[in-house]
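Structure, as C-alpha cells:
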Number of protein chains: 2
Amino acid sequence: MKKIQIKKEVSKNFKKHNHKLCYETSMKAFHKNCLEKNLKLTPLRLKVFELLLKDHRPIGAYQILDMLSKEGFSSTPPIAYRVLDFLIEQGFAHKIERFNAFIACSHPGSKHSPTFMICRKCDKVAEMCEKDSRLKLDKKSLSEFQIEESIIEIIGICKSCNQLETIKC
Amino acid sequence: MKKIQIKKEVSKNFKKHNHKLCYETSMKAFHKNCLEKNLKLTPLRLKVFELLLKDHRPIGAYQILDMLSKEGFSSTPPIAYRVLDFLIEQGFAHKIERFNAFIACSHPGSKHSPTFMICRKCDKVAEMCEKDSRLKLDKKSLSEFQIEESIIEIIGICKSCNQLETIKC
DNA sequence: AAGTCAATGTTATATTATAACATTAATTTA
DNA sequence: TAAATTAATGTTATAATATAACATTGACTT
C-alpha cells in the first residue's frame, strides 16, 4: 500500500494548528533518539525540551532558568546552557542568533542547518525544511569556499500578523 | 565610450589583494555619504570605521574600545555601541550575529541584507553582493511571509586555508 | 563494595549590551 | 554676538548573556 504523503505546511507555526500533535511528535522523537543512542533522558533534559516545545517562540537561557527554578530544579546558568548544548547537539533545538534565544527543532533527529522565518510582531518562528529553502551562491564562490554550516534567519511579518494589521486599519 | 566592467571577486577578501584600494574606496564612500547627508564625520566615527577597515575580520565592541583607549579616545561601552549603530544605520558596517562582532561593509552606501562567508580558520569574512547570493524559498512560504530583513552567515573554510591544510599534510 | 563516568550542582567571573543622565561643542536664531 | 538648541560625546551604573573550574551525586561496571 502506498503511504499517503501529507504535505506539511511550513508556515503552520504561525497559525492555529494541532499543537498537541507537534508536541507529541517531537517528544516521541526525542525519547526514541535517546533510547537508540543510549543517552540519558533525565528529568532536567525532559523539562527543558518540554519548555522549548510549549509554543513556537524562542526562549532565552535565563527565561528557561526562571521556569526551571519555579519547578524546583536547580537553576544556575550552566544548568540551562548544558542542557541546551545537549539538545542542539542531538538536533532537537537550535539557537536563534539574532535573539540569543533557543527554539525546539521542527525537523528533529539529525544535525542540519536550518532556515528560520521570524515574525517580528508575534515573535513566532517557523523552521523551513531544506527542500523549501535553498541558498544559491554563484559558482565562483562555491568553488572557493567549503561550506560547513549556515545561519539563515529571515525577519519579517507572518501572514496572521499581516492580516490583523489590515483589519485594524 | 563603454565603461569597462571589472568583475570584482567575492572571495578576494580571503586572499592577498590590494587592500589599500579596499580601504580607500570605502573611506572615500564614507566621506561622500556623510557630506551628502550632512552627517558629522567626527574623529571618533572616523577612527572606528578605520579600525573596522583594517582587515576583513570582524571585531568585537570591546576590542574596539581597547583600541580606542590606546589612541586616547574615551572608551566606555556606549562610545563603541553608538558609533557602531551609526555605521550600521548608514550602511557602512554590519554585525556578524554568530560572533557578536562587527565588520565594515563591502558594498557600502545603502542598507541591505548581506550574505557572509566566514572562514573558521582565519576568521576572515567576505560579504557577497546580492547578485551572487540568492535565497530561494518555496512559493507557499513566500506568499505567507513578508520578508523585511535576512541574516545569512555561512561558516566554513576558505580556499586559502584549505590549501594550507593540504600542504601541511 | 570499589571504581568509573556521566550528569548535575555550585561558585565565580567573563563577555556583551543598554539605560539614564551629564557635559561639550557645533549650529541656529534672536 | 549671546542665548538657545541640538547632536555628539562622556560617564556611571547595571542588565543580559555565557563560560570556566571544580564539587557532588547517582547510575552503571567490574
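Chain letters run A, B, ... following the sequence lines, proteins first and then strands; every chain starts at 1. Basis for what follows: all heavy atoms, side chains included, without hydrogens, waters or symmetry-related copies. Because the structure is predicted, anything quoted here is derived from the model rather than measured.
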Starting the side chain at C-beta, find the nucleotide from dA7(C), dA17(C), dT11(D) nearest to F102(B).
dA17(C)
Round to the nearest Å and state the distance from [X] atom [atom1] to [N] atom [atom2].
| X | N | atom1 | atom2 | result |
| --- | --- | --- | --- | --- |
| R82(A) | dA6(C) | CZ | C1' | 11 Å |
| E97(A) | dA17(C) | CD | P | 12 Å |
| L65(B) | dT18(C) | CG | C1' | 13 Å |
| N38(A) | dC28(D) | CG | P | 9 Å |
| Y81(B) | dT17(D) | OH | P | 13 Å |
| K47(A) | dT8(C) | NZ | C1' | 17 Å |
| Q63(B) | dA17(C) | CD | P | 12 Å |
| I79(B) | dT24(C) | CD1 | P | 14 Å |

Is it true that the side chains of H94(B) and E127(B) contain a donor and an acceptor less than 3.5 Å apart?
yes
Tell me whether the OP1 or OP2 atom of dA16(D) has a side-chain N or O from N100(A) closer than 4.0 Å.
no
Please confirm whether the shortest side-chain N or O distance from K95(B) to OP1 or OP2 of dA17(C) is below 4.0 Å.
yes
Taking 4.0 angstrom as the limit, do K140(B) and D138(B) come out as a salt bridge?
no
Salt bridge or not between E149(B) and R120(A)? Use side-chain N to carboxylate O under 4.0 Å.
no
Over 60° means perpendicular and under 30° means parallel, so tell me whether F30(B) and F49(B) are parallel, tilted or perpendicular.
tilted
May I ask you to decide if the ring planes of F145(B) and F14(A) are parallel, tilted or perpendicular, using 30° and 60° as cut-offs?
parallel
Just call it for R45(B): base, sugar-phosphate, or nothing, with non-hydrogen atoms closer than 4.0 Å on any strand.
sugar-phosphate
Using a 4.0 Å heavy-atom cut-off, does T76(B) contact any base of the nucleic acid, only the sugar-phosphate backbone, or nothing at all?
base
Can a donor-acceptor pair under 3.5 Å be found between the side-chain atoms of Y62(A) and the base atoms of dA15(D)?
no
Map P77(B) and L39(B) onto DNA chain D by nearest heavy atom, then report which one ends up closer to the 5' terminus.
L39(B)
By nearest-nucleotide position on DNA chain D, the 5'-leaning member of P78(A) and T42(B) is T42(B)
